[in-house]
Amino acid sequence: QVQLVESGGGLVQAGGSLRLSCAASGRTFGVYVMAWFRQAPGKEREFVAAISWSGYNTDYLDSVKGRFTISRDNAINTVYLQMNSLKPDDTAVYYCAADSDRNYSHYATESRYDYWGRGTQVTVSS
């Protein structure tokens, strides 16, 4: 089993920055593909960013490319999402997800992820 706990959300003005963290506990962290998803009010949950178990591969939702950066530190079992140049449209609950399969394909597919955190709220004011 893997437990995921997100932190770092909050209220920020448009153009500001936040860094989300996701701390994993339980099984060996390094073998998991990790990702961030988000869900805005009244909308479906959507993929935001993913990172392979080695950290070599990363992928992003088109609308966050160049603004968000996903990274991981396997030594402390943590994955990060650095969010810069935030926009009101980025307002959502952000969820961390982990997959027990090392295969990086289908990284944006929600159903492949076995473990989820409870989410952290990000609110961007205009």
Side-chain angles (χ1 to χ4, degrees):
Q1 283 286 351
V2 174
Q3 293 78 45
L4 303 174
V5 179
E6 303 96 336
S7 61
L11 173 64
V12 64
Q13 289 188 330
S17 298
L18 285 173
R19 187 174 83 155
L20 305 184
S21 299
C22 173
S25 60
R27 295 186 60 187
T28 305
F29 180 78
V31 298
Y32 297 103
V33 175
M34 303 289 293
W36 289 94
F37 287 76
R38 68 185 182 187
Q39 188 168 21
K43 295 187 177 181
E44 300 275 325
R45 188 155 59 182
E46 66 177 353
F47 166 79
V48 176
I51 187 166
S52 62
W53 69 273
S54 67
Y56 183 80
N57 298 102
T58 57
D59 286 275
Y60 299 91
L61 177 70
D62 283 347
S63 63
V64 308
K65 284 180 181 177
R67 300 189 298 122
F68 290 11
T69 302
I70 189 170
S71 61
R72 66 191 294 165
D73 186 341
N74 289 350
I76 58 171
N77 300 338
T78 300
V79 65
Y80 304 98
L81 186 67
Q82 177 66 44
M83 305 186 295
N84 299 329
S85 303
L86 283 160
K87 304 175 181 180
D89 284 349
D90 295 319
T91 295
V93 177
Y94 283 71
Y95 297 91
C96 178
D99 188 353
S100 57
D101 188 350
R102 287 192 183 196
N103 190 332
Y104 188 64
S105 61
H106 308 296
Y107 53 82
T109 302
E110 190 173 329
S111 60
R112 73 161 286 171
Y113 291 94
D114 302 310
Y115 306 103
W116 292 83
R118 292 189 173 186
T120 185
Q121 176 70 47
V122 171
T123 303
V124 184
S125 63
S126 57

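Residues: numbered from 1 along the sequence shown.
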Side chain to side chain contact (heavy atoms under 4.5 Å, CB included) between R112 and V33: does it pass, once the steps are laid out? CA-CA 10 Å; R112 73 161 286 171; V33 175; 3.6 Å; yes

Is there a side-chain contact between [X] and [Y] in this structure, where contact means two heavy atoms from C-beta onward sitting under 4.5 Å apart?
X	Y	answer
T69	Y60	yes
V93	F37	no
M83	V48	no
L4	Y95	no
D114	V2	no
Y32	S100	yes
V79	I70	yes

Just verifying a value: how many Å separate [X] [atom1] and [Y] [atom2], rounded to the nearest 0.5 Å?
X	Y	atom1	atom2	result
D99	Y115	CG	OH	9.0 Å
M34	W53	CE	CH2	15.0 Å
N77	Q3	CG	CD	11.5 Å
Y104	S54	OH	OG	9.5 Å

Whether [X] side chain and [Y] backbone form a donor-acceptor pair below 3.5 Å:
X	Y	value
R72	S52	yes
S105	N103	no
T123	T91	no

For [X] and [Y], work out which heavy atoms get closest and say how close.
X	Y	value
S126	A14	CA-CB, 4.4 Å
S21	T78	CB-CG2, 4.3 Å
R45	E110	NH2-OE2, 2.8 Å
L81	A49	CD1-CB, 4.1 Å
Q121	A92	NE2-O, 3.5 Å
A35	Y113	CB-OH, 3.4 Å

Do D59 and Y107 have side-chain atoms, one donor and one acceptor, less than 3.5 Å apart? yes

Which residue in the set T58, N84, D90 passes side chain to side chain contact (heavy atoms under 4.5 Å, CB included) when paired with F68?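 For F68, the side chain to side chain contact (heavy atoms under 4.5 Å, CB included) check succeeds only for D90.
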
Lys/Arg N to Asp/Glu carboxylate O, D62 vs K65, below 4.0 Å: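 The answer is yes: the pair qualifies as a salt bridge.
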
Got a salt bridge between R118 and E6, using NZ or NE/NH1/NH2 to carboxylate O under 4.0 Å?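 No.
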
